[in-house]
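So the structure is just underneath, and the comments pick up after that.
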Amino acid sequence: MKLGVNIDHVAVLREAREVNDPDIISAMYEAISAGADQITIHLREDRRHINETDVKNIINFSKIPVNLECSINEEIIKLVCALKPARATIVPEKREELTTEGGLNLSSKGLEHAINELHKNGIEVSLFIDPSLEDIRRSAALKASFVELHTGAYANTYLMLNSNLKYTKYSIDSLNLSKDELKNLLNFELEKIKSSAKLGVNLGLKVAAGHGLNYQNVGEIASIDEIFELNIGQSIIARSVFVGLKNAVLEMKELTK
Ligand code: PXP
């Protein structure tokens, strides 16, 4: 199982002070030396963390593939084509959201054009989608080579079932359910991920997964044979506060084996 380490949150901390500390390139080297298989970053339209200079430097200095997440905004796609990461993962983007909250709408105007432009520039294209058979079929029809399954619903259900989240201000109202209901829902979400991964591979897609994965919930996803790569950010960067980035990546790498 390959591990893509998303280092956006290092830039989030940097931007809190608008100084070059922590340095994103040092973070990249730490992740690589701990065995990361890929560096993942998101160039958001509002540039709230990663900026063009970061992307250029990371692509220049990284010995491992760079997976650049982006929206289908025309200016962004032009930039991505010029920057030439190994892979572009197309994600939905809303200005007001804290993070990427759901999978892509595959009927979005401009999606097919964006995929074609990226392909023309020799960039592999992945689509960040909800785990649904319909979206897998449509992704294959759109000629993406990769899909990344959004594991957010699985991760949220896992947290409400197995942590004290319910008793904090971050409790998820829509998941305020009994333990039995949460267990059923967790199985349902996991089954959706498994069946989507299986169909994806059958249709010739490479299947990745990510969002909300952490040291507790990653095992079930890492054991799905059809998934070849996980992209993980928040939990690794959060753990690095206590054990350092290198150890945080090493520990996650161990869990995904
Ligand atoms: N994959 C994609 C496509 C994402 O947009 C994100 C969030 O930026 C991640 C993976 C990583 O999610 P998390 O930070 O919750 O691990």
Side-chain angles (χ1 to χ4, degrees), residues 1-13 15 24 27 31 36-50 54-55 58 65-73 76 80 85-95 97-106 111 114 118 124-131 135 139 144 146-159 163 165 170 172 193 196-197 206-218 221-222 227-241 245 248-249 251-253 255-256:
M1 175 74 61
K2 290 197 183 296
L3 176 64
V5 177
N6 182 317
I7 56 174
D8 288 347
H9 287 309
V10 174
V12 169
L13 185 54
E15 292 309 308
I24 195 92
D37 299 293
Q38 169 171 270
I39 296 295
T40 295
I41 43 175
H42 186 172
L43 183 66
R44 293 189 75 102
E45 289 166 27
D46 62 10
R47 312 293 198 271
R48 69 172 73 153
H49 37 56
I50 295 292
D54 295 329
V55 181
I58 289 169
V66 175
N67 172 28
L68 181 55
E69 297 175 6
C70 62
S71 72
I72 55 170
N73 170 295
I76 292 281
V80 177
R87 193 191 312 162
T89 297
I90 302 182
V91 301
E93 206 175 296
K94 286 192 232 121
R95 294 274 158 129
E97 70 190 354
L98 286 178
T99 179
T100 315
E101 279 157 9
L104 269 172
N105 172 0
L106 296 177
L111 177 59
L118 293 164
E124 295 174 332
V125 178
S126 180
L127 304 178
F128 191 39
I129 59 171
D130 289 320
D135 281 4
S139 300
F146 295 78
V147 285
E148 181 170 334
L149 302 176
H150 196 300
T151 49
Y154 160 80
N156 286 342
T157 311
Y158 190 102
L159 277 178
S163 77
L165 186 73
Y170 306 107
I172 301 164
I193 295 169
S196 301
K206 290 200 183 120
V207 181
H211 207 280
L213 296 179
N214 61 30
Y215 296 82
Q216 290 75 43
N217 68 19
V218 74
I221 304 295
I227 296 181
F228 87 104
E229 170 197 287
L230 303 176
N231 285 299
I232 306 182
Q234 166 84 30
S235 63
I236 292 179
I237 304 302
R239 179 106 183 106
S240 75
V241 171
L245 184 52
V249 173
E251 287 176 16
M252 186 58 84
K253 192 73 198 161
L255 291 173
T256 59

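FYI, the numbering just counts along the sequence from 1. Order of listing sets the numbers, starting from 1, for every ligand and every atom in it.
- Partners of Asp8 according to the salt bridge (charged side-chain N to carboxylate O under 4.0 Å, His left out) rule, which considers only residues two or more places apart in sequence or in another chain, do not exist here.
- The shortest N or O to N or O distance between Gln234 and ligand 1 is below 3.5 Å.
- At a 4.0 Å cut-off, at least one heavy atom of Glu69 sits close enough to ligand 1 to count as contact.
- Near Asn231, with a cut-off below 4.0 Å to any heavy atom, the atoms of ligand 1 are 10 (C), 11 (C).
- For the residues Ala155, Gly152, Gly212, the heavy atom positioned nearest atom 15 (O) of ligand 1 is part of Gly212.
- Per-residue contacts place Val91 under 4.0 angstrom from the following atoms of ligand 1 (heavy atoms of the residue considered): 3 (C).
- Scanning for side-chain hydrogen bond (donor to acceptor under 3.5 Å, both in side chains) contacts around Ser126 gives an empty result, with sequence neighbours left out.
- Ligand 1 has no N or O atom lying under 3.5 Å from any N or O atom of Ile232, backbone or side chain.
- In this structure, His150 and Phe128 have parallel ring planes: the angle between them is below the 30° cut-off, well short of the 60° mark.
- A salt bridge links Glu124 with Arg87: at least one charged nitrogen is closer than 4.0 Å to a carboxylate oxygen.
- Of all atoms in ligand 1, numbered sequentially from 1 with element shown, those under 4.0 Å from a heavy atom of Asn6 are 8 (O).
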Next item on the list: Determine, step by step, whether Asn231 and Glu229 satisfy the side chain to side chain donor-acceptor pair (under 3.5 Å) criterion, reporting the C-alpha distance in whole Å, the side-chain angles of both residues, the deciding distance to 0.1 Å, and the verdict.
Entry: CA-CA 7 Å; Asn231 285 299; Glu229 170 197 287; 2.9 Å; yes
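- Between Glu148 and ligand 1, at least one pair of N/O atoms sits closer than 3.5 Å.
- For the residue pair Asn217 and Tyr154, the shortest heavy atom distance occurs at O-OH, 2.8 Å.
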